[in-house]
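Below is one structure, written out as structure tokens; comments come after it.
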There are 2 protein chains.
Amino acid sequence: MTDRHIDVHKAHDHEACIDTALARARALCDDRDVQLTPIREKVLAIVWKSHKPVGAYQVLDELARTHKAARPPTVYRALDFLIAEGLIHKIESLNAYLGCGEAGVAHTSQFLICRVCGTTEEIVDPKLDHALDAAARRARFTVERKMVEIAGLCGRCAG
Amino acid sequence: MTDRHIDVHKAHDHEACIDTALARARALCDDRDVQLTPIREKVLAIVWKSHKPVGAYQVLDELARTHKAARPPTVYRALDFLIAEGLIHKIESLNAYLGCGEAGVAHTSQFLICRVCGTTEEIVDPKLDHALDAAARRARFTVERKMVEIAGLCGRCAG
DNA sequence: GGCGGATTGTTATGTTGTATCATCGCCGGC
DNA sequence: GCCGGCGATGATACAACATAACAATCCGCC
Ligand SMILES: [Zn+2]
Ligand SMILES: [Zn+2]
Ligand SMILES: [Zn+2]
Ligand SMILES: [Zn+2]
């Protein structure tokens, strides 16, 4: 919890990000009695290789290096599992996938996507979340899934 | 301006929606000295056939009925033009396109997507918009494009 | 042993979106 | 009159993203 809200745009010990994410995933899957199989864990690790969203076929290429039987369904099944368990998110505007920095905590998808460096930061903003709910309520709309993707320039790239 | 904020979930004179949208598009393109060519206008009309997002290949099928030369680039070029002019929006979570109900007025993409009937309502909620800006500002992020897509049940389908 | 559910293997196909170069029509300069 | 540039479209091919369908395997349990 302490080191989970780092600034992903700055240099940081990213191995620690990966280790934390994997440890957290293992713990959550254990609690829930679902299987974080080797394939799923490997896919999760691949997605976590950076703070940039990764395409499914990029994951496939990586996975195939150590797992020759890998095919598109292999990857998509793993991604579907990880999404269902809240361990990764799909970035809809990029058709790509990103490790969730808040796994295990209820939250909605809110992302800041830098168009220059690709770095995508997940934010958890209760006020924004509340504004989404309020907007839906005004329209008598029952919310099931909320997607917020803001594209632009991160602090580094805006200079 | 008076009849532009109808309830798209209720029965309504949809021909009027289409006519208004097309007239508005013609006026805006005229103002801007860009060409709303027959292909582009036809694609806009196809997208406006309903208040449900339409896929590019669905547009292609429709277009090809009256324009045999139509191919994927034909459609994507028209869609790109219409998006650039703010006449339609892309619904990222569906890879589909929807007529803009606020063409010519500065606004961000905010949508309520009913998973049952498919009807997608564009909302313009300044508070939500401000919440997006505030969230980005807190993260020192320069906003270029804001995407909000809320999926769930519309008032009709929630019953 | 054999049943059933979860996972993975395997092949094929469907869907969405681009790259590239050719062609056409128009308009303004020479 | 003709040429050159430009915006739009034609045409072919391909890249990128995603799923269908069925077989095989593994493993705990009766
Ligand atoms: Zn990191
Ligand atoms: Zn998350
Ligand atoms: Zn209508
Ligand atoms: Zn709009």
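Both backbone and side-chain heavy atoms feed into the values below; hydrogens, waters and symmetry mates do not. Note on naming: letters A, B, ... go to the chains in the order of the sequence lines (proteins, then strands), and numbering restarts at 1 for each one.
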Using atom [atom1] of [X] as one end and atom [atom2] of [N] as the other, report the distance to the nearest whole Å.
| X | N | atom1 | atom2 | value |
| --- | --- | --- | --- | --- |
| B:L60 | D:dT9 | CG | C1' | 14 Å |
| A:R71 | D:dA23 | CZ | P | 18 Å |
| B:D80 | C:dG17 | CG | P | 10 Å |
| B:D61 | C:dG14 | CG | C1' | 13 Å |

Hits for side chain to side chain donor-acceptor pair (under 3.5 Å) against B:E122, two or more places apart or cross-chain, chain-then-number order -> B:H89, B:H107
So, is [X] close to the [N] phosphate, meaning a side-chain N or O under 4.0 Å from OP1 or OP2?
| X | N | result |
| --- | --- | --- |
| A:N95 | C:dT16 | no |
| A:H67 | C:dT8 | no |
| B:Y76 | C:dG17 | yes |
| B:K90 | C:dG17 | yes |

- [ ] Could you check A:R40 against A:E85 for salt bridge (charged side-chain N to carboxylate O under 4.0 Å, His left out), going step by step and ending with a plain yes or no?
- [x] CA-CA 11 Å; A:R40 291 168 176 172; A:E85 296 302 326; over 6 Å; no
Residues in residues 26-49 of chain B with a heavy atom under 4.0 Å of DNA chain D, by number, are B:Q35, B:T37, B:I39, B:R40
Among the nucleotides [options], which one has an atom lying closest to any side-chain atom of [X]?
| X | options | result |
| --- | --- | --- |
| A:Y97 | D:dA18, C:dT11, C:dA19 | D:dA18 |
| B:T74 | C:dT18, D:dG10, D:dA20 | D:dG10 |
| A:P72 | D:dA18, D:dA20, C:dA19 | D:dA18 |

Check: Can you find an N or O donor on one side and an acceptor on the other, under 3.5 Å apart, linking the side chain of B:R77 with the base of D:dG10?
Finding: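 For B:R77, whose side chain was compared with the base of D:dG10, there is a donor-acceptor pair (under 3.5 Å).
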*asked:* Closer than 3.5 angstrom, by distance alone: can the side chain of A:K52 be matched with the main-chain N or O of A:C117 as a donor-acceptor pair?
replied: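 Side chain of A:K52 to backbone of A:C117, a donor-acceptor pair under 3.5 Å: yes, one is there.
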### Query
How long is the span from the OH atom in A:Y76 to the CG atom in A:L60, to the nearest 0.5 Å?
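Rounded to the nearest 0.5 Å, the OH-CG separation comes out at 9.0 Å.
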- Does the distance from a Lys or Arg side-chain N to an Asp or Glu carboxylate O, for A:K146 and B:E149, drop under 4.0 Å?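 A salt bridge is absent here (no side-chain N lies under 4.0 Å from a carboxylate O).
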Using the six-membered ring for Trp and the full ring for Phe, Tyr or His, decide whether A:Y57 stacks on the six-membered base ring of D:dC17 (centres under 5.5 Å, planes under 30°).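 Yes, A:Y57 stacks on the base of D:dC17.
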